[in-house]
Amino acid sequence: MKVSQLPYERFDCVKGAKDIYECVDGIKRANNVEEVIAWHDKAVEIVSHFSTMASLANMRFTLNTFDEFYLKEKTYYDEQSPEFSLAYNEIGKAMLQSKFIDELKRKLNPLIFEKYRIMEASSDPRIVEDKQKEAAICVEYNQLMSGMSFEFKGKEMPLSVLRGYFGSSDREERKAACIALGKGLAEHKAELDDIYDRLVKVRDAQAKKLGFDNYVKLGYLNMERMDYDRDMVEQFRRNVVEKLVPVICKLKEEIKNKLGIDEFMFYDDAVSFVDGEPKPKLDKEGIFKAAQEAYDEMDEEIGKFMRSMQEDEAFDVDSRKGKWGGGYCTNFSDFKQTFILANFNGSSDDIDVVTHEFGHALAMNYAFDGDPELFIGGNETAECHSMSMEFLVWPFMDKFFDEPQKYKFKHLMSSLSFIPYGCIVDEFQHIVYENPQLTPKERNEVYLKLEHKYRPYLSFSGLPYLEEGTRWQYQMHIFESPFYYIDYCLAQTIALSFLVASRYDYKDALRRYKEFAEKGGRVPFGRLCKEAGFLSPFEKGALDKVAAEIPQILKELN
Ligand code: ZN
């Protein structure tokens, strides 16, 4: 069935919650383990129906944000889902308290119980009000940022448009864009500081109500991290400082010489070439045709899946008025259907849609046959699916670009230098939540110190406002999704490992990737990495191979 024809009907959340509470009773009253599982499966099916309808409504809303019907539907789920997920939490509790728990753990994946334990530890009626407050402050931040306008080239523009100039091959232009960024942010300094301060305090309050020293532990629970903790993340960041940072400094020095500049400034960071960045040679139809060819050549099964997505019209990539501006991959589990939304703009970002987002879709498609509660796994695992696919498509890049080497160089350089930036964002949040009393000025000082630690090659000097250590203020995740960001760094590490592996033996690397994706959330992250033949990113030495081999790959591409 085509995605546009998937039948939508509002899921009645009140009735749904009632049905789930019936399952909770069923689990409690069950006389044997089979009965428990039957009630559990019924609850999972209800939840799956809920999420199918909620994500259909949301998808159709993003296709046309002026559509009143789907706006109403989306709002309905936004309002109802907290109540509904409370009901699902009760399933978790009943399962954990079941007298058949030992048998259940043998029959079901034990990770499900880990998930229930996390749900139980991080949700509590005592913090509901604080959570609502937190959500409202996030909306404030969102509205402030999306309403913020920047004066550039004699025009007023939103950050999303201004950002387009940060990578300009004209140095004066990108410098001016970053100055405009600093000036625009500075005008809202007081609001930005105040919003973040309230967010830190309301999160700290939640943690303390639940008996934690600070928000760090609760933040990890909210991210549903099953097999790693803050000490392990710290070891990962140490790996980055020791192994990656020196390599990146050397590579950036080479780019600096190539660009013929004296000082490597913040606004030079996205640039790799004097003569402009690589652009795809194809239009939309061409890109999809080339992508189909690439996946057919890559692997029969993957090619087949791409074809089925195209036949189901599961891509919407045209920019048009009223359409939501971002990009995502989602799914409608009742129909075992994936869907990708994007806004093509003619840049190399368009290629990422059919590589990155398609990697997500492939893993979701595998997961339809797995365990719905574990699905594709945590965010760090899901981003491995997408970021690794970006690199596995490399051998076919000549289909998309006249100068595929140039694209690969840019892709690899930005993937590599992303990791230290992500670590800054992560360590910053650890320090902030461990010291909730820090003043705005002290927070900025912390941020600047971390810049020197992870990106010593980069200078902010002379850039209004940004030189005070405020680059974090437009990093949306720091406000809205605490502790989320490191997941990208962990996934990038695995993606780069797949790239290195694919150069030794492409077929073997692809086989390992498919296995990794097929396992979805059924295996915890660290073990997934090991079973794919890599060290877990948290182990000492995890980045050694990547750090040793990538400069050579870049040299060959140059
Ligand atoms: Zn992604």
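Ligands are counted one by one from 1 in listed order, and the atoms in each one are counted from 1 as well.
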ring-ring contact (aromatic ring centres under 6.0 Å, His included) between Phe409 and Phe273, intermediate numbers included: CA-CA 10 Å; Phe409 185 93; Phe273 307 101; 5.6 Å; yes
Angle subtended at the Zn ion (ligand 1) by NE2 of His356 and OE1 of Glu383, nearest 10°: 90°
Presence of N, O or S from Glu357 under 2.8 Å of the Zn ion (ligand 1): no
Asp231 and Gln235 side chains, donor-acceptor separation under 3.5 Å: no
Within the 6.0 Å centroid threshold, strictly below: Tyr228 and Phe236: no
Centroid-centroid under 6.0 Å between His430 and Phe483 rings: yes
Short N/O/S contact of His360 with the Zn ion (ligand 1) (below 2.8 Å): yes
